[in-house]
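Below: one structure, written as structure tokens.
Chain A is the first sequence line, chain B the second, and so forth, proteins listed ahead of strands; every chain is numbered from 1. Because the structure is a prediction, the values reported are computed rather than measured.
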Amino acid sequence: MLDIKFIRENLDVVKMAAQKKKIVVDLDRLVSLDDKRRELMSSLEKKRAQQNKASGEIAQAGSDEERQAMIAQMSELKTILQAEEEKFKPLMEEWKALMLQVPQVPDMTVPDGDSDEDNQEVKVWGEQTKFDFEPKDHVEIMTNLGMADFERGTKVHGFRGYYLTGDGARLCWAIWNYANTFFGAKDFVPLLGPSIVRKSNLFGTGHLPNEAEDVYHTQDEDYLIGTSEISTMGYYSDEVLDKAQLPIKYLAFSPCYRREAGSHGKDTKGLVRVHEFFKVEQVVLCEASHEESVQHHEWLNRNTEEFIESLGIPYHTVLNCGGDLGQGQVKKYDIELWVPLEKKYREISSASYFHDFQTRRFNTRYKDEDGKLRYAHSLNCTAIPTPRILVSLIENFQQADGSVRIPEVLQGYMGGRSVIEVMKETE
RNA sequence: GGUGAGGUGGCAGAGUGGUCGAAUGCGCUGCCUUGGAAAGGCAGUGUACGUUUAUGCGUACCGUGGGUUCGAAUCCCGCCCUCACCGCCA
């Protein structure tokens with residue numbers, strides 16, 4: 001959500017923003033609606049003022065006749081008022097719907113482009129893994145090692161269903177525990193929140209109204225979160241914080257549900273794209289300053305880079321182009337890990353900042369030194385998604401004999417083992 | 001799921017049709033008092049939008065959305081939530 005005043009005063013900027021993000025929204029229509037809104041509102045307010053004034057006079061009227069005369073007069077005004085209110089209602093509905101479509105203005109440094117193909121590589125880390133044997137993909141490796149069961153996953157869940165079994169499950173626990181330690185050392189407060197939430201929270205983060213297709217909801221019209229960003233951002237909705245509390249840094253963990261409605265043909269195999277997964281997420285609320293946002297944004301992204309580096313997986317970082325930005329995002333980095341079998345980098349993390357786009361919708365404010373209320377700034381960045389991370393981890397660390405090397409930092413969480421190999425499971 | 005009670009300003013808590021944006025107490029801010037503090041005294045203390053800027057003025061907001069009325073915190077209806085007890089349950 002942008003401030004309507006800002007939109008009016010910077011119409012060209014907002015139009016360019018929409019263009020850059022490939023978002024279609026009729027901003028001229030919005031402004032002309034807003035003209036009408038202002039006009040009608042002022043007219044309504046004048047009439048209400050008149051009504052309020054008369055209301056006091058009626059109460060103190062001397063005689064009954066006087067009173068009746070005034071009531072008759074006000075009755076007329078009421079009819080006019082009601083007619084105007086009837087006009088006002090649909091106008092406001094359209095106005096609000098349009099306001100929800102207006103995109104946040106992207107940062108100057110965001111490159112032009114239509115899709116993720118136009119994202120700009122800003123960093124490369126590690127060597128693209130070379131094998132002196134014929135490498136396998138993660139589906140085959142995991143199945144061979146008893147780490148995953150996709151057939152039964154499909155049997156029980158359906159399309160994109162999976163089980164993690166034995167060492168596959170252990171490896172997930174190891175990653176979660178390691179992430180908890182790693183990010184825990186960076187001054188985050190751990191947060192476990194609801195993954196079933198009210199609809200309003202998805203409007204708050206900007207997932208609604210434009211991504212409705214990709215969201216699950218229940219028969220009670222509650223919604224399943226696609227990221228813990230949603231419930232974490234909802235935490236302080238309609239609240240006023242003390243400036244001294246900022247910045248607030250949460251390390252949230254939750255299951256995530258995505259319908260993947262627009263991607264039926266894509267990534268149909270394995271753990272790349274699933275309906276249900278788990279994610280550790282970094283979320284920050286800071287004061288309303290562009291510089292603070294930028295600083296935290298770089299920091300968040302760097303945290304995840306460091307985490308990936310500690311695992312030893314080759315990656316690159318891209319700066320997302322305009323067309324690959326979400327409606328509310330000012331700027332975004334994606335971290336993509338090397339997937340040897342596909343010979344390309346695959347997204348694993350996304351770091352974005354929003355300025356006050358989300359906090360306006362959530363009505364999350366803080367009191368400044370001068371006593372003024374301001375909307376906080378919000379940011380978020382993936383810490384680690386499971387099981388998607390396993391795709392790269394397993395394919396990069398596979399060995400000629402079909403076993404998988406366990407990154408050193410995870411070994412302590414895997415009973416001190418350094419390799420996953422075929423072994424008899426007792427369960 | 002059932003029954004009952006209730007949702008008012010930072011908090012507590014009055015207010016059942018007009019002079020109520022809302023008593024009172026607490027808290028908070030400023031001033032007086034003091035060597036300094038406490039106590040005491042005085043004054044002030046919500047948010048958003050519009051208008052005007054030296055102040056100011058107008059509108060809206062008493063969980064939420066409708067309705068009745070010249071006029072609603074107050075009456076009527078729907079919804080949400082909280083609390084208590086019962087039932088069920090990881």
Side-chain angles (χ1 to χ4, degrees), chain A residues 1-9 30-100 102 192-204 208 217-223 231 234-246 254-255 288 356-376:
Chain A
M1 188 81 80
L2 298 186
D3 188 347
I4 183 65
K5 266 190 253 172
F6 176 87
I7 297 171
R8 292 182 68 103
E9 285 163 17
L30 177 61
V31 171
S32 88
L33 269 179
D34 193 57
D35 289 338
K36 281 186 207 150
R37 182 187 70 100
R38 283 161 179 255
E39 200 183 304
L40 251 182
M41 228 161 68
S42 142
S43 162
L44 278 170
E45 284 182 3
K46 272 181 207 148
K47 290 190 173 66
R48 285 193 190 126
Q50 205 181 331
Q51 196 176 54
N52 286 343
K53 195 173 163 228
S55 170
E57 288 166 5
I58 289 172
Q60 289 170 19
S63 69
D64 245 21
E65 284 135 49
E66 237 182 300
R67 185 189 308 261
Q68 287 311 320
M70 281 192 262
I71 288 177
Q73 212 176 2
M74 283 304 106
S75 185
E76 269 173 54
L77 182 69
K78 184 189 181 182
T79 313
I80 300 168
L81 240 175
Q82 276 177 335
E84 278 189 19
E85 273 164 0
E86 284 308 309
K87 261 199 269 174
F88 193 60
K89 236 191 260 175
L91 186 128
M92 275 314 285
E93 263 168 45
E94 192 184 349
W95 184 89
K96 278 185 203 161
L98 270 174
M99 281 295 281
L100 283 175
V102 178
L192 298 174
S195 39
I196 303 174
V197 300
R198 292 169 186 283
K199 195 177 187 179
S200 61
N201 295 288
L202 281 91
F203 279 102
L208 286 179
H217 59 267
T218 72
Q219 61 267 50
D220 300 316
E221 281 309 300
D222 290 321
Y223 281 66
S231 43
Y235 192 73
Y236 286 115
S237 56
D238 292 316
E239 293 194 29
V240 177
L241 305 162
D242 278 333
K243 196 186 173 188
Q245 287 176 263
L246 302 174
S254 80
D356 59 4
F357 185 91
Q358 295 185 319
T359 50
R360 268 179 192 281
R361 293 180 168 201
F362 275 115
N363 190 28
T364 299
R365 296 175 295 173
Y366 69 92
K367 204 167 232 172
D368 218 342
E369 290 99 343
D370 55 10
K372 265 195 178 164
L373 292 172
R374 293 177 201 284
Y375 291 106

Any strand is fair game: report the nucleotide pairing with [N] by Watson-Crick or G-U wobble, both distances under 3.5 Å, or none.
{"N": "B:G40", "result": "B:C32"}
{"N": "B:C79", "result": "B:G63"}
{"N": "B:G71", "result": "none"}

Quick one: [X] [atom1] to [N] [atom2], roughly how many Å, whole number?
{"X": "A:Lys46", "N": "B:C57", "atom1": "NZ", "atom2": "P", "value": "18 Å"}
{"X": "A:Lys199", "N": "B:C79", "atom1": "NZ", "atom2": "P", "value": "18 Å"}
{"X": "A:Glu66", "N": "B:G18", "atom1": "CD", "atom2": "C1'", "value": "16 Å"}
{"X": "A:Lys47", "N": "B:A60", "atom1": "NZ", "atom2": "C1'", "value": "17 Å"}
{"X": "A:Leu40", "N": "B:U59", "atom1": "CG", "atom2": "P", "value": "17 Å"}
{"X": "A:Lys53", "N": "B:C57", "atom1": "NZ", "atom2": "P", "value": "15 Å"}

Are any of the side-chain nitrogens in [X] or [Y] under 4.0 Å away from the carboxylate oxygens of its partner?
{"X": "A:Asp222", "Y": "A:Arg198", "value": "no"}
{"X": "A:Lys47", "Y": "A:Glu85", "value": "no"}
{"X": "A:Asp356", "Y": "A:Arg360", "value": "yes"}

Exercise for the section: State whether a side-chain donor-acceptor pair under 3.5 Å links A:Thr364 with A:Glu239. Expected result: no
Problem - Gap separating the OG atom of A:Ser195 from the OH atom of A:Tyr223, nearest 0.5 angstrom - result: 16.0 Å
Handout entry: From CA spacing to verdict: side chain to side chain contact (heavy atoms under 4.5 Å, CB included), A:Val240, A:Tyr366
Key = CA-CA 5 Å; A:Val240 177; A:Tyr366 69 92; 5.6 Å; no
Between side-chain atoms of residues 66-79 of chain A and protein atoms elsewhere (two or more places apart, or another chain), which donor-acceptor pairs fall under 3.5 Å?
unit_1	atom_1	unit_2	atom_2	d
A:Arg67	NH1	A:Ile58	O	3.2
A:Thr79	OG1	A:Ser75	O	3.0

Practice task
Would you give a per-nucleotide map of nucleotides 45-52 of chain B, 5' to 3', where B means the base has a protein non-hydrogen atom under 4.0 Å away, S means only the sugar-phosphate does, and - means neither?
Solution key: --SSSS--
Practice task
Go along nucleotides 62-72 of chain B 5' to 3' and tag each nucleotide: B for a protein heavy atom under 4.0 Å from its base, S when only backbone or sugar atoms are that close, - otherwise.
Solution key: -------BBS-
Handout entry: Distance, C1' atom - from B:A14 to B:U53, rounded to whole angstrom
Key = 37 Å
Fill in the blank from the handout: Heavy-atom nearest pair, A:Asn363 first then A:Arg365, reads OD1-NE, 3.3 Å
Exercise for the section: Applying side chain to side chain contact (heavy atoms under 4.5 Å, CB included), run through A:Phe362 and A:Asp238 and close with a yes or a no. Expected result: CA-CA 6 Å; A:Phe362 275 115; A:Asp238 292 316; over 6 Å; no
